[in-house]
Amino acid sequence: MVSIRSANMEDAEAILRVLEGAFRVERGSWKWENLRRLILSEPKSWRVLVKGDKMIGAVHVSRDPMRIGNSIIVKGDVGHVSVLPEYQGKGYGTMLMR
């Protein structure tokens, strides 16, 4: 069974493993450290894709408020869509985007 849920602080290491595999980010590099900071500062802005008991994908959805006239509209920016290499090409990234 596959499910998508909001991430929590306990998911940080698993999200990093997904990002490392999907983007070939080296643990300890400046890019890895930036991703780690982003995950730890905003864990609820991540959605994770879980198959069985294994996290196989993640996506970051940030809230971006924009003023339009007298109104403020909040749009979502999607980034860091990632799926472990062994699960790529099977529609899981598309599931995260939806």
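Heavy atoms only: backbone and side chains are in, while hydrogens, waters and symmetry mates are out. As the structure is a prediction and not an experimental result, all values here were calculated from the model.
By the side chain to side chain donor-acceptor pair (under 3.5 Å) test, K90 pairs with no residue at all, sequence neighbours left out. In this structure, the side chain to side chain contact (heavy atoms under 4.5 Å, CB included) partners of K75, at least two apart in sequence or on a different chain, are D64, M66, D77. M9 pairs by the side chain to side chain contact (heavy atoms under 4.5 Å, CB included) definition with L40, P43, not counting sequence neighbours. Listed by chain and residue number, nothing satisfies the side chain to side chain donor-acceptor pair (under 3.5 Å) test with Y87 (two or more places apart in sequence, or in another chain). By the side chain to side chain donor-acceptor pair (under 3.5 Å) test, R37 is found to be paired with N34, residues two or more places apart in sequence or in another chain being considered. Applying the side chain to side chain donor-acceptor pair (under 3.5 Å) test to H80 and every residue at least two apart in sequence or in another chain returns nothing. R27 is linked by a side chain to side chain contact (heavy atoms under 4.5 Å, CB included) to E13, R17, E20, W32, counting only residues two or more places apart in sequence or in another chain. Contacts of A7 classified as side chain to side chain contact (heavy atoms under 4.5 Å, CB included), with partners at least two apart in sequence or in another chain: D11, I15, W46, V48. Shown here are the salt bridge (charged side-chain N to carboxylate O under 4.0 Å, His left out) partners of E26, two or more places apart in sequence or in another chain: there are none.
Going from atom CD1 of I68 over to atom CD1 of I73 covers 3.5 Å, rounded to the nearest 0.5 Å.
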Item to check | R5 vs S3, side chain to side chain contact (heavy atoms under 4.5 Å, CB included): CA-CA, chis, key distance, verdict | outcome: CA-CA 7 Å; R5 63 172 173 76; S3 63; 5.5 Å; no
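Contact record, L84 with V18: CD2-CA, 3.7 Å, taken as the closest heavy-atom pair. In this structure, P65 and I72 approach most closely via the heavy-atom pair CB-CG2, 3.9 Å. Nearest heavy-atom pair across M55 and A14 is CE-CB, 3.6 Å. Closest non-hydrogen pair, P85 versus G21, comes out as CG-O, 3.3 Å. Nearest approach of S29 to V25, heavy atoms of both residues: OG-CG1, 3.9 Å.
A continuous path of hydrophobic side-chain contacts links M97 to V83 [ILVMFWY only; heavy atoms under 4.5 Å].
Applying the ring pair (Phe, Tyr, Trp, His ring centres under 6.0 Å) rule to pairs touching residues 2-30 yields nothing, sequence neighbours excluded. Applying the salt bridge (charged side-chain N to carboxylate O under 4.0 Å, His left out) definition to pairs two or more places apart or across chains, none involves residues 42-52.
Considering only heavy atoms from C-beta on, R98 stays 4.5 Å or farther from I4 through its side chain.
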